[in-house]
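Everything below concerns the one structure shown next.
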Amino acid sequence: MAGNLNLAVLISGRGSNLKALIQACKNPDFPARIDIVVSSRADASGLRHASEAGLEHAVVARGLYSDREAFERALNNALRERQINLICLAGFMHILSRDFIAAWEGRIINIHPSLLPRHKGLDPHASVLESADTKSGCTVHLVTPEMDAGPVIVQREVPVYEDDTRQTLAARVLEQEHIAYPEAVRRIAGGGIKPHDLLDANSRSDYN
Ligand code: GRF
């Protein structure tokens with residue numbers, strides 16, 4: 001998949017990672033462009049970053065579909081004609097089905113605000129503080145059917161301080177997310193990370 005990448009960025013909310021990717025794409029050396037932004041909520045404030053940047057954007061509102069299958073069919077309709085190389089989940093608050101992931105195998109990445117495999121799932125910052133970890137961070141990883149378990153592409157660390165709250169920790173991690181996401185796209189585009197090789201290694205390790 002190396003070379004200049006055509007991205008679809010999927011959001012559900014604030015869109016600060018989308019904004020970081022938009023900024024990165026403004027650099028003429030950055031090996032990707034955003035072809036479309038899709039939001040699963042009509043009221044996602046992140047959509048404003050897409051319109052301000054003049055990017056094509058669409059709303060595929062999860063609430064309008066009775067089940068995940070219908071929602072994913074609509075998502076696929078928004079994406080499939082567009083020569084998308086890589087789908088970037090950026091605060092996209094829905095778990096994708098095995099079938100959807102298989103249809104885009106090796107072409108969906110996600111950002112998660114912890115050092116995976118630690119603290120998968122919702123509210124990782126609370127879980128970090130409860131565990132008294134001394135470091136946290138963020139992970140960009142390939143999406144596989146098991147949530148937050150796909151091969152790691154980029155991680156960035158931050159310290160955790162004794163007086164941290166979820167908010168202070170989240171803010172420190174978010175700064176690193178905005179560096180990590182463009183970095184992950186750059187590594188894939190540059191060929192340094194080959195998603196299908198990572199997936200092969202991942203499934204091989206299932207048998208070891
Ligand atoms: C980020 O912390 C991301 O890691 C998580 O959801 C949050 C989305 O933030 N998956 P934003 O919408 O990109 O500002």
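Every heavy atom of this structure was used, including side-chain atoms; hydrogens, water molecules and symmetry mates were not. As the structure lists them, so they are numbered: ligands from 1, and atoms in each ligand from 1.
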### Query
In the hydrophobic clustering that connects Ile, Leu, Val, Met, Phe, Trp and Tyr at side-chain heavy-atom distances below 4.5 Å, which members other than L116 occupy its cluster, ordered by chain and number?
none
Closest non-hydrogen protein atom to [atom], residue and atom name please, with distance?
{"atom": "atom 11 (P) of ligand 1", "answer": "S16 N, 3.4 Å"}
{"atom": "atom 4 (O) of ligand 1", "answer": "E177 OE1, 2.7 Å"}
{"atom": "atom 10 (N) of ligand 1", "answer": "I111 O, 3.0 Å"}
{"atom": "atom 8 (C) of ligand 1", "answer": "G91 CA, 3.5 Å"}
{"atom": "atom 12 (O) of ligand 1", "answer": "G15 N, 2.8 Å"}
{"atom": "atom 9 (O) of ligand 1", "answer": "R14 NH2, 3.1 Å"}

### Query
Can you find a pair of side-chain heavy atoms, one from R107 and one from P195, that are under 4.5 Å apart?
no
### Task
Just say parallel, tilted or perpendicular for the rings of F92 and F71, cut-offs at 30° and 60°.
parallel
### Query
When only distance counts, is N17 in polar contact with ligand 1, meaning an N/O pair under 3.5 Å?
yes
### Task
Have a look at Q176 and tell me which of E183, R156, E157, Q155 forms a side chain to side chain contact (heavy atoms under 4.5 Å, CB included) with it.
R156
#### Entry: Modelled atom types, side-chain donor and acceptor of R33 and N6, under 3.5 Å
yes
### Query
Within the side chain of T168, is there an N or O that forms a donor-acceptor pair under 3.5 Å with the backbone of D164?
no
